[in-house]
Amino acid sequence: MDNVMKYFAIILACLAAPLWAHPHVFIDTGLKLVVNDAGDITGVEVSWKYDQLYSLLVLEDMELDDDFDGALTEAELAKLNGFDLKWITGYEGDLFAFEGDKKLTLGAPKNLGTSFEDGQIISRHYRALDGSKALRLKVFDPTYYTQYEVFDAPVLPEGCTVDVQKADLAKARALASAAQAGEATDPNAAFPEVGEAFASTVEVSCAPL
């Protein structure tokens, strides 16, 4: 119970700060590329590993793990499964794909399951793509309410290579600070979407089979 009270103290501190000052949800993101027999990239498997605080909030909201033992029953896991795939119209899943300068359309998410490990929720889903030999991926929340981090290199099929370019965090923070200063000067001004500035760029290329 002490840990629960500590988490809620953190929540209250976050709510006391402006929502745009920093992200409030932190997600470790995994990417796995899928190719067809011709070597065209046809989809991406995405995993989201939520931070412990947000995971706790989800469990509290869904009334799961009432005994706080850090383990979910099969019935609780079934209830949790797909909790984050009820997307509103216009939401792009915070995954953006480009072929050159062309923005690609990703398919609707296909649920691949949800687990709960070491106090963190991990969900997985699949997004289909029109076949491409090379593309650029970025994972970000435009509003920067959620921070995504691609810590591990994407899982690639044979014949594919990847180059992960980390964001220039100094430049991104300067942009966010400038936006925050503008908001303080004019509270009615729309806060610019700075999330992309914090995102890594994942460039994938696959050779023809």
Among residues at least two apart in sequence or on other chains, which ones pass side-chain contact (heavy atoms from CB on, under 4.5 Å) with D65? L59, D67, D69, L72
Is E45 close to V34 at the side-chain level, that is, under 4.5 Å between some pair of heavy atoms? yes
With distance as the sole test, does D40 use its side chain to make a donor-acceptor pair with the main-chain N or O of G131 at under 3.5 Å? no
Are T146 and I27 packed together at the side-chain level, in the sense that at least one heavy-atom pair is separated by less than 4.5 angstrom? yes
Heavy-atom side-chain contact between L129 and T42 under 4.5 Å: no
For T161 and L156, work out which heavy atoms get closest and say how close. C-CD1, 3.6 Å
Residue K102 excluded, over 12 heavy atoms near NZ under 6.0 Å: no
Between the side chain of D94 and the main-chain N/O of V139, is any donor-acceptor distance below 3.5 Å? no
How is the hydrophobic cluster of I122 composed, in terms of its other members, when Ile, Leu, Val, Met, Phe, Trp and Tyr link through side-chain heavy atoms under 4.5 Å apart, directly or indirectly? none
Less than 4.5 Å apart, side chain to side chain, heavy atoms only: is that true for V46 and L31? yes
For L169, give me all partners under side-chain contact (heavy atoms from CB on, under 4.5 Å), at least two apart in sequence or on another chain. A167, R173, F198
Testing the basics here: between D84 and Y50, what is the closest heavy-atom pair and its distance to 0.1 Å? OD2-OH, 2.6 Å
Return the set of residues passing side-chain contact (heavy atoms from CB on, under 4.5 Å) with K110 (not counting sequence neighbours), or none when no residue passes. Y126
Are L80 and E76 side-chain neighbours, meaning at least one heavy-atom pair lies under 4.5 Å? no
Please name all residues satisfying side-chain hydrogen bond (donor to acceptor under 3.5 Å, both in side chains) with Q120, sequence neighbours left out, ordered by chain then number. none
Under 3.5 Å donor-acceptor, S47 side chain and G30 backbone: yes
Does any part of the side chain of P154, heavy atoms only, come nearer than 4.5 Å to the side chain of V202, both counted from C-beta? yes
Got a sec, which residues hit side-chain contact (heavy atoms from CB on, under 4.5 Å) with D118, two or more places apart in sequence or on another chain? none
Might you point out which heavy atoms bring A38 and K133 nearest each other, and give the distance in Å? O-NZ, 3.4 Å
Would you indicate whether the side-chain heavy atoms of F26 and Y54 approach each other to under 4.5 Å? no
Test side chain to side chain contact (heavy atoms under 4.5 Å, CB included), reference L95, set H125, K138, R127, output is R127
Under 3.5 Å donor-acceptor, S55 side chain and I121 backbone: yes
Would one find more than 12 heavy atoms of other residues, nucleotides or ligands at under 6.0 Å from atom CG of N81? yes
Are L137 and F98 connected, step by step, through hydrophobic side chains (Ile, Leu, Val, Met, Phe, Trp, Tyr) whose heavy atoms are closer than 4.5 Å? no
Please name the pair of heavy atoms, one in V35 and one in C160, separated by the smallest distance, quoted to 0.1 Å. CG1-SG, 4.1 Å
Heavy-atom check, side chain of R124 versus side chain of K32, under 4.5 Å: no
